[in-house]
Number of protein chains: 2
Amino acid sequence: METPVETTRERLLNVAEQRFGEGGYEGTSLRAITVAAAANIAAVNYHFGSKEALLRAAVARAMAPVNAERRRRLDQLEAGAPPTPEALIRAFVEPGLDLVLRRGERGALIARFIGRIAFDPSRRIRELYAVESEPIESRYLAALQKALPQASPDAVAFGYVNMLGLLALHQSQALSPTPGAAGVQDTADPSELAENLVTFLVAAFDHGLRS
Amino acid sequence: METPVETTRERLLNVAEQRFGEGGYEGTSLRAITVAAAANIAAVNYHFGSKEALLRAAVARAMAPVNAERRRRLDQLEAGAPPTPEALIRAFVEPGLDLVLRRGERGALIARFIGRIAFDPSRRIRELYAVESEPIESRYLAALQKALPQASPDAVAFGYVNMLGLLALHQSQALSPTPGAAGVQDTADPSELAENLVTFLVAAFDHGLRS
DNA sequence: GCATAGTTCAAACGGTCGTTTGAACTGGAG
DNA sequence: CTCCAGTTCAAACGACCGTTTGAACTATGC
């Protein structure tokens with residue numbers, strides 16, 4: 001079984017995901033990416049136009065399947081009875097954390113990349129993520145506000161941004177054990193992490209939002 | 001009333017907090033810091049030894065009062081009846097978010113700086129924060145595990161790292177409204193944000209941890 | 001005033017950065 | 001084989017980076 005030959009463009013995107021996910025945007029140079037991709041540095045300009053455009057393309061590529069799955073799940077939920085907060089939270093969180101299950105080793109790398117970019121120090125970089133995620137995310141916020149009529153819309157929005165934050169942090173694997181925090185273990189199984197996070201968030205949404 | 005004259009060293013630390021908080025470690029150059037501090041670039045080497053050492057000193061300075069207050073609150077709680085999870089969460093979260101109330105404009109800047117460094121893309125940078133915060137944080141984790149006997153220690157640790165993550169994100173002001181997320185407003189009052197976050201976390205700890 | 005420690009300075013080093021350029025290469029169509 | 005579009009290459013540009021250096025400056029004590 002022969003692996004299809006990767007184009008230079010694909011190699012650049014793959015390595016960009018990995019490297020940007022490891023070092024962030026500012027901390028990753030094009031030379032590091034191009035060397036790892038066995039490409040010439042001018043190829044970045046040729047295929048993408050600039051470093052930032054490479055990032056933009058990588059973010060768009062990484063987010064596309066996540067967004068599609070979130071959209072599919074929300075469409076499905078809204079086609080039936082009014083969805084519960086739990087169903088909505090699950091529909092949102094699981095695609096983000098399912099990357100490992102669906103894609104093997106590369107999935108974890110993409111998850112980390114997404115989480116990392118979503119909270120880059122630079123607002124400009126963060127907005128690359130926001131542009132890709134906003135259309136489907138605002139639908140989820142509206143659906144959650146509808147599903148939680150006892151809480152104020154502002155309060156639901158507060159819970160919602162907390163959910164975004166926690167999801168991104170878990171994706172980026174930044175919530176690793178602090179040194180000396182005995183008893184804290186990386187959850188090896190991503191579906192278990194998803195269950196834990198959904199349970200945590202559902203409790204917070206159901207009992208911890210103000211009215 | 002004359003303002004005391006700032007030493008070069010102090011100016012460098014103050015500006016470093018601001019600039020590292022805005023741009024992250026990699027995205028902030030020493031020249032930007034020294035220009036803003038009206039200092040010579042060699043002063044960084046003279047007073048601190050290196051860029052990273054400047055960061056380390058800034059982190060230590062920023063965390064010292066937060067850590068002291070967390071320690072004082074925990075000591076106080078443990079001197080009485082066994083503290084509730086809510087009391088512990090509050091004792092941990094409030095000092096982190098109180099920076100604005102206690103220090104005026106500079107407080108928000110310091111909060112952002114701390115939050116930003118805590119989740120820098122580079123593990124090496126993140127560990128500068130961890131070194132400063134670990135001693136008091138591990139005490140809080142142990143106290144929370146004791147206060148939540150119905151949950152497994154691993155589950156409490158999971159909730160704990162989520163709390164760390166959310167606190168840092170709120171401090172860093174990275175949880176700003178996404179474009180188009182109508183209804184999401186920056187909470188102008190930090191004590192209200194603390195109340196909202198404590199409420200959210202308490203619900204998640206009380207109802208959302210697995211056993 | 002001199003000596004000394006502390007502090008700051010401008011210039012420089014060696015390295016890295018993103019972007020650009022024009023030539024060379026590659027592959028496909030006619 | 002030629003032509004052409006697409007692609008890659010090495011070299012270079014101008015800018016920026018953290019670190020270093022030796023001289024100059026500053027303040028204090030004798």
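Computed from a predicted model, the values in this text were never measured in an experiment. Basis for what follows: all heavy atoms, side chains included, without hydrogens, waters or symmetry-related copies. To find a chain, count down the sequence lines: A is the first, B the second, and so on, and within it residues start at 1.
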Exercise for the section: Run the numbers on Arg139(B) and Asp75(B) for side chain to side chain contact (heavy atoms under 4.5 Å, CB included), then give the verdict. Expected result: CA-CA 10 Å; Arg139(B) 277 186 64 195; Asp75(B) 289 343; 2.8 Å; yes
Handout entry: Worked verdict on Thr8(B) versus His47(B) for side chain to side chain contact (heavy atoms under 4.5 Å, CB included)
Key = CA-CA 9 Å; Thr8(B) 299; His47(B) 287 286; 4.2 Å; yes
Practice task
Check the pair Met163(A), Leu144(A) against side chain to side chain contact (heavy atoms under 4.5 Å, CB included), reporting the backbone distance first and the verdict last.
Solution key: CA-CA 12 Å; Met163(A) 176 177 74; Leu144(A) 275 166; 4.2 Å; yes
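A salt bridge does not link Glu22(B) with Arg116(B): every distance from a Lys NZ or Arg NE/NH1/NH2 to an Asp or Glu carboxylate oxygen is 4.0 Å or more. Salt-bridge check for Arg112(A) with Glu17(A): failed, with every basic side-chain N at 4.0 Å or more from each acidic carboxylate O. Ion pairing of Arg90(A) with Glu195(A) is present here, as a side-chain N (NZ or NE/NH1/NH2) and a carboxylate O approach within less than 4.0 Å. Here Arg72(B) pairs with Glu69(B) in a salt bridge; the nearest charged N to carboxylate O distance falls below 4.0 Å. Under 4.0 Å is where a charged nitrogen must lie from a carboxylate oxygen, and between Glu94(A) and Arg73(A) at least one such pair does.
Listed by residue number, there are no residues of residues 8-27 of chain B with a heavy-atom contact under 4.0 Å to DNA chain D. Scanning residues 28-37 of chain B for heavy-atom distances under 4.0 Å to DNA chain C yields Arg31(B). Within residues 43-54 of chain A, the residues approached by DNA chain D to less than 4.0 Å at the level of any non-hydrogen atom are Tyr46(A), His47(A), in residue-number order.
Looking at heavy atoms from C-beta onward, Arg106(A) lies in side-chain contact with Leu109(A) at the 4.5 angstrom threshold. A heavy-atom distance below 4.5 Å is found between the side chains of Ile33(A) and Phe20(A). Taking 4.5 Å as the limit, some side-chain heavy atom of Leu201(A) sits within range of a side-chain heavy atom of Phe200(B).
For His170(A) and Phe158(B), the ring centers sit closer than 6.0 Å to each other.
From the 5' end on, the contacts that DNA chain C makes with chain A at under 4.0 Å to a non-hydrogen atom open and close at dC17(C) to dT21(C).
Pairs of residues two or more places apart, or lying in two chains, that qualify as ring-ring contact (aromatic ring centres under 6.0 Å, His included) and include a residue from residues 129-148 of chain A are Phe92(A)-Tyr140(A).
In the helix from dG1(C)-dC30(D) to dG30(C)-dC1(D), the rotation axis of the first five pairs and that of the last five pairs differ in direction by 10°, rounded to 10 degrees.
Side-chain atoms of Glu6(A) and Asn14(A) include a donor-acceptor pair closer than 3.5 Å.
Mapping Thr7(B) and Ile41(B) onto DNA chain C by nearest heavy atom places Thr7(B) at the nucleotide closer to the 5' end.
Remark: Lys51(A) qualifies as a cation-pi partner of Tyr25(A) under the 6.0 Å distance and 45° angle criteria applied to the six-membered ring.
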